[in-house]
Amino acid sequence: MTPSLHRSRRTQLRASAAPLGFALALIATPAFAQDQATPAPAAPADQAADATPDIVVTGTLFRRTDKETPSPVTVLTAENLQKSGITNIADAIHSISSDNSGSVPTAFANGFGSGAAGVSLRGLTVNSTLVLIDGIRTTNYPYADDGQRSFVDLNSIPKSTIERIEVLKDGASSTYGADAIGGVVNIIQRKEIRGIEGTVEGGISQRGDGGEQRATLTAGYGSLKEQGFNVYINGEYEHDGLISVADRGFPYNSTDLSSIGGFDNNVGAFGAFGGRVGTISAVVRPATQTTPGNPFSGVALPNTLSQVLNPAGCAAGTIAKFDPVTLENGGNGGAYCEQNQATYGTIAPEQTRYGFTGHATVQVGDNAQAYLTGTYYHSKVFSTTSPSTIRQRNPINSTNVVLPALLSNGTLNPQNPYAAQGLAAQISYSFGDIPASAETDNNLYRVAGGISGKFGDGWGYSFDATYARSDLTGINKGYINIAGLTNAINTGSYNFINPSLNSQAVRDSISPDVITKAKSELYMAQAVLTKDLFQLPGGPLQVAVGGSIRREKLNNPNANVNNAFLGLNAVTASGARTVTAGFFEVNAPIFDQLEINGSGRYDHYSDGYSRFSPKVGFKLTPIRQFALRGTYSQGFRAPSFAESQNGAVIGYTSATPPAAVVAAHNGNAYVQSYSIGFNSASNPNLKPEKSRSFTLGGIFQPTPWLSATIDYYNIRKTDVISGGPLAGQAIANYYAGTALPAGYSVTLDDPDPQFPTAIRKILIVNSPYANAAALRTAGLDASVQADFHLSESTRFTSRLEGTEILYYDFKPSSADPYDHYVGTQAPYVLSSGAGTPKWRANWQNSLQTGPFTLTGTAYYVSGYRSVAEDQSGHGATSCADSLYGAGNTFCTTKGFFDLDLVGEVKVNSKFTFYVNVINLFDASAPLNPANYAGNNYNPTWTQSGIVGRFFRAGANFKF
């Protein structure tokens with residue numbers, strides 16, 4: 001699950017809810033659209049005359065002039081995004097304070113969902129937030145988060161044609177169907193653009209890296225009001241330069257924190273063979289080879305010392321070490337090299353995006369409007385990572401790899417210093433001469449069209465249809481091909497002594513590029529019919545009915561076909577299904593002061609299951625200055641293709657066998673801490689996840705210039721799909737010699753060469769996905785918005801928005817108690833170490849006087865303890881359970897605050913120039929050594945702190 005470059009901390013503007021007490025203490029700002037009681041900003045002059053008096057607000061089927069429905073909705077307008085310095089859709093949506101743990105920022109470029117960005121409202125993960133474009137679905141990204149959770153890629157949605165983004169912070173399965181448990185993000189395009197308009201922009205960090213260039217150009221013609229049509233074409237381009245870990249200073253560029261009270265976690269810090277990962281300087285020790293021709297059948301000789309293979313010593317960039325202690329199994333004694341490999345990593349990936357959109361809107365008579373739109377969008381993301389190591393456990397155990405005494409031609413092996421003695425050489429090494437990187441190229445194609453209108457006495461209708469396809473190419477470089485490595489070792493073609501002498505042909509033979517092509521598709525059509533039945537005291541009783549049908553397809557083939565590469569995860573998912581649905585909504589304004597709304601939807605999946613989702617809501621306005629609103633809903637999430645049709649994924653975590661097993665092996669290296677794999681496979685018998693949620697809140701507007709909202713939310717999910725919920729029991733049963741749970745199996749390591757009859761340790765636990773878990777969460781959203789017209793030419797606006805999570809509890813299985821995540825780094829695995837901070841808030845203040853506008857936007861995320869019950873067990877919440885393992889040292893990660901500043905000058909009606917300073921005070925990311933998605937920092941919440949102060953300058957033009 002990654003933030004997007006320079007705006008990773010999730011900026012915000014249009015929504016404005018502060019973490020409860022924080023918001024109320026500061027008072028200062030109103031909400032937005034749904035959360036907004038003050039008038040919306042005036043439309044541009046060329047659109048104001050054509051603006052329709054009513055719109056369809058996200059979460060309802062009806063057109064209405066009153067935008068405040070019973071459900072809380074936050075609106076991000078193009079104007080506010082400009083004022084905040086946000087340049088893409090991913091950063092815009094990540095700016096919302098209700099986007100929480102489990103979201104996918106682009107900075108996770110080497111994760112399962114590499115190259116994409118996803119949103120996780122309420123922290124329910126990316127598969128429980130529905131993303132729409134103009135109210136209809138689009139296709140999912142072909143890669144799934146953690147190989148399991150499907151989501152829409154925000155990086156592949158153009159920004160320059162966006163009118164607004166509506167974020168429904170409430171369950172909406174009764175209107176939209178599956179996945180709308182945490183909420184809905186609806187990206188709404190502009191209907192009409194006239195003339196030529198565009199933007200040019202450039203930026204760079206204070207440290208001279210991460211340079212970015214952006215340009216947009218749109219040309220439109222026609223007036224809906226005067227000519228009855230409008231057409232426009234748009235193109236946009238953005239490039240963001242790569243920022244490497246090596247480009248930042250200590251401690252963000254190092255794995256050795258011993259100088260500040262932490263651990264030395266450099267590669268080789270525990271000896272050449274104390275861990276699986278080797279340095280770029282090969283180290284060897286005497287061994288035997290049990291199977292001629294099989295370099296992975298080595299057995300190290302006990303009581304021997306290791307030596308650096310190159311007589312010249314450790315390579316540049318590594319540290320020479322010598323340990324005189326020889327363990328019984330020869331594990332750590334001798335000469336070796338230590339290396340900080342963090343510098344190979346990426347802080348911000350290189351991104352290139354470009355796309356084209358065509359849009360046409362036509363008035364059909366006096367009472368109907370039709371549209372047709374098409375988009376092509378390309379998103380390329382590139383990142384680097386540490387070189388591959390020769391000693392791995394996935395998909396085979398290569399930790400005992402050796403250089404043979406004799407090459408395949410029968411001659412002594414010059415790479416093996418023990419060859420003359422007839423011994424093999426066990427080797428520890430990372431392929432530093434073969435750069436490792438990941439690249440994703442996603443091409444998105446989307447066409448949509450429809451018509452809406454009115455007829456007869458209070459009748460209305462709409463019809464929409466869309467087709468969307470995502471073609472994704474993944475290119476992984478630096479993985480080691482097992483067959484190529486075997487041949488190189490047996491023939492001696494690869495030079496381990498001095499890797500710089502290897503030819504490119506030799507490198508390519510053991511590390512060819514791994515290229516995979518994945519594709520997802522969606523076909524969808526939906527129709528809605530509405531009717532004003534009769535008048536109630538508060539207005540017309542409205543009824544709507546509708547239906548939809550969609551076809552979803554996915555093909556994400558296994559990148560590691562036939563387990564040909566070391567360390568490359570065997571993730572696969574494919575499937576197809578048809579979903580049909582019927583739905584309704586009734587809106588009853590009982591009185592002027594009371595509105596009641598009810599809706600429901602029945603979805604049927606060709607997979608073999610169905611689900612009905614109801615929702616009711618109300619809005620009570622006893623006085624003009626105050627309204628009370630609330631909702632109750634039930635929803636569901638359909639199993640993904642990876643979970644239910646054809647999918648598998650292996651995840652790894654650290655483990656140590658039980659004490660009795662360790663004792664049986666005399667505590668040798670075979671039973672020390674290692675990476676155990678968990679292979680989760682699809683299960684066709686899965687049921688949908690179910691949810692129950694309710695909200696209750698108030699809207700306050702004591703004066704025309706001040707408004708505020710506060711909303712309580714409460715969500716419970718059951719039948720949550722998890723991979724291997726009984727994996728712990730399976731491990732315990734295996735070591736106890738009892739039967740494994742049904743459907744579970746284990747893949748075992750090779751026998752211990754020193755104790756070949758002792759029980760073997762588990763390498764992989766194989767299990768099906770299951771409906772086993774449950775979660776519950778509750779919190780408060782608050783917002784304040786103020787709008788002061790100080791004079792005819794001077795205006796000051798202030799918007800404050802925040803979220804407080806009261807609790808977020810997860811129950812791994814029916815037999816387990818609830819774990820508590822708020823204020824900790826849990827869910828550790830699911831969120832890539834992001835955790836669940838209790839507070840998120842942002843505050844935007846803008847002063848406009850004449851042609852000048854100055855806007856400051858502040859962002860805050862609270863601190864948390866670096867503990868996680870999902871990683872360390874129930875009750876593991878004290879510093880003694882620190883994920884970093886250093887007790888009170890680095891147990892707490894501090895909160896993070898930064899400020900962005902945007903200055904604009906409107907030269908005339910055609911030109912506006914602006915300058916942005918992101919992270920004005922150059923705030924540093926709080927130290928978080930336990931995070932594994934970033935090197936000693938948390939990229940989900942504090943990406944801007946690692947990028948540092950960043951400058952942008954640009955111009956908007958319109959003719």
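For reference, positions follow the sequence shown, starting with 1.
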Reported [atom1]-to-[atom2] distance for the pair [X] and [Y], which is rounded to 0.5 angstrom:
| X | Y | atom1 | atom2 | result |
| --- | --- | --- | --- | --- |
| T747 | I676 | OG1 | CD1 | 10.0 Å |
| N487 | I482 | CG | CD1 | 14.0 Å |
| N919 | D898 | CG | CG | 5.0 Å |
| S831 | N938 | OG | CG | 8.0 Å |
| W941 | S101 | CH2 | OG | 6.0 Å |
| T942 | N931 | OG1 | CG | 8.0 Å |

Quick one: do [X] and [Y] make a salt bridge, cutoff under 4.0 Å?
| X | Y | result |
| --- | --- | --- |
| K477 | D508 | no |
| R507 | D433 | yes |
| R760 | D749 | no |

Could you pull out the closest heavy-atom pair between [X] and [Y], with the gap in Å?
| X | Y | result |
| --- | --- | --- |
| I480 | S388 | CG1-CB, 3.7 Å |
| L830 | G102 | CD2-CA, 4.1 Å |
| T279 | Q341 | CA-NE2, 3.9 Å |

Tell me if a side-chain donor or acceptor on [X] pairs with a main-chain N or O of [Y] at a distance below 3.5 Å.
| X | Y | value |
| --- | --- | --- |
| R353 | S379 | no |
| Q426 | T399 | yes |
| S430 | I280 | no |

Open item on the list: Please determine whether side chain to side chain donor-acceptor pair (under 3.5 Å) holds for the pair Y494 and S503, giving the CA-CA distance in whole Å, both sets of side-chain angles, and the decisive distance to 0.1 Å.
Closed with: CA-CA 9 Å; Y494 185 88; S503 68; over 6 Å; no
Open item on the list: Run the side-chain hydrogen bond (donor to acceptor under 3.5 Å, both in side chains) test against D256 and tell me which residues pass, sequence neighbours left out.
Closed with: S258
Task: Option from T893, N936, N935, T892 for which side-chain hydrogen bond (donor to acceptor under 3.5 Å, both in side chains) with N928 holds - done: T893
Task: Centroid-centroid distance, F322 to Y336, less than 6.0 Å - done: no
TODO: Report yes if the distance between the aromatic ring centroids of F250 and Y252 is under 6.0 Å, otherwise no.
DONE: no
- [ ] Could you walk me through whether R285 and L305 pass side chain to side chain contact (heavy atoms under 4.5 Å, CB included), step by step?
- [x] CA-CA 6 Å; R285 64 181 176 184; L305 298 177; over 6 Å; no
Open item on the list: Whether the Q339 and Y344 side chains hold a donor-acceptor pair (N or O, under 3.5 Å, no angle test) is what I'd like checked.
Closed with: yes
- [ ] Verify whether one side chain among N495 and N502 offers a donor that lies under 3.5 Å from an acceptor in the other.
- [x] no
Task: Ring geometry between Y932 and Y828 (parallel below 30°, tilted from 30 to 60°, perpendicular above 60°) - done: perpendicular
- [ ] Evaluate the criterion side chain to side chain donor-acceptor pair (under 3.5 Å) for residue pair Q392 and S398; output intermediate values, then yes/no.
- [x] CA-CA 5 Å; Q392 304 207 37; S398 66; over 6 Å; no
